[in-house]
Student: 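Supplied in structure tokens, the structure appears directly below.
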Amino acid sequence: QTLDGVNLVPVFKGESLPERPLFWHYPHYGNQGGAPGAAIRRGNWKLIEWYEDNRAELFNLKNDLGEETDLAAKEPERVKQLRGELHAWQKQVGAKLPT
């Protein structure tokens with residue numbers, strides 16, 4: 001089994017962890033209205049990729065914690081970079097994609 005986490009013991013000892021991207025993978029519909037998609041957060045940036053229409057949303061969480069202003073159209077290079085990281089992680093962990 002592939003583990004994609006990190007040891008959190010240093011946090012409990014008052015130390016910090018090196019910054020790393022965080023990934024979410026939700027390839028199905030949920031009974032509470034969730035739609036298939038995946039996301040990556042790197043620093044202040046969060047990209048959400050929706051599987052229904054292959055749409056990406058991009059948010060700067062430092063300035064927009066409520067994720068109200070989609071910056072994908074204004075930041076196409078950042079979208080491309082974060083999508084590439086997300087897809088590489090999905091391949092690495094063998095994430096199942098909807099068909």
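By convention here, the first residue in the shown sequence is residue 1.
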Student: Quick one: does R78's side chain have a donor or acceptor within less than 3.5 Å of a partner on K80's backbone?
Tutor: no

Student: Hydrophobic cluster membership, with links at side-chain heavy-atom distances under 4.5 Å among I/L/V/M/F/W/Y: are W45 and W89 in one?
Tutor: yes

Student: With a 4.5 Å cut-off on side-chain heavy atoms, are E85 and P21 touching?
Tutor: yes

Student: Would you say E49 and N54 make side-chain contact, with heavy atoms under 4.5 Å?
Tutor: yes

Student: Would you check if Q92 and F23 make a side-chain contact, meaning some heavy-atom pair closer than 4.5 Å?
Tutor: no

Student: Are L47 and R83 packed together at the side-chain level, in the sense that at least one heavy-atom pair is separated by less than 4.5 angstrom?
Tutor: yes

Student: Could you tell me if the side chain of Y26 sits less than 4.5 Å from the side chain of P36, heavy atoms only?
Tutor: no

Student: If you look at every heavy atom in A38 and L86, which pair is closest and at what distance?
Tutor: CB-CD2, 3.9 Å

Student: With side-chain contact (heavy atoms from CB on, under 4.5 Å) as the test, would you mind laying out the steps for V9 and K13 before giving the verdict?
Tutor: CA-CA 7 Å; V9 170; K13 294 180 176 180; 3.6 Å; yes

Student: Let me confirm one number: the CG-CD distance from L58 to E67, rounded to the nearest 0.5 Å.
Tutor: 10.0 Å

Student: Rounded to the nearest 0.5 Å, what separates atom CZ in F59 from atom CG in L71?
Tutor: 8.0 Å

Student: Report yes if the side chains of L8 and L17 come closer than 4.5 Å at any heavy-atom pair, otherwise no.
Tutor: yes

Student: Would V6 and R20 count as a side-chain contact (heavy atoms from CB on, under 4.5 Å) if you check the C-alpha gap in whole Å, the side-chain angles of each, and the deciding distance to 0.1 Å?
Tutor: CA-CA 10 Å; V6 297; R20 69 183 184 109; 3.7 Å; yes

Student: Is there a side-chain contact between W24 and R41 in this structure, where contact means two heavy atoms from C-beta onward sitting under 4.5 Å apart?
Tutor: yes

Student: Should E57 and R55 count as an ion pair when the cut-off is N to O under 4.0 Å?
Tutor: yes

Student: Quick one: closest heavy-atom pair of A56 and A72, and the distance?
Tutor: O-CB, 3.6 Å

Student: Looking only at the side chains, is there a donor atom on one of E77 and Q81 sitting less than 3.5 Å from an acceptor on the other?
Tutor: no

Student: Are I48 and L82 in one and the same hydrophobic cluster, where Ile, Leu, Val, Met, Phe, Trp and Tyr link if side-chain heavy atoms are under 4.5 Å apart?
Tutor: no

Student: Testing the basics here: between A35 and Y29, what is the closest heavy-atom pair and its distance to 0.1 Å?
Tutor: CA-CD2, 4.1 Å

Student: Do N44 side-chain atoms and L61 backbone N/O form a donor-acceptor pair below 3.5 Å?
Tutor: no

Student: Are L97 and H25 packed together at the side-chain level, in the sense that at least one heavy-atom pair is separated by less than 4.5 angstrom?
Tutor: yes

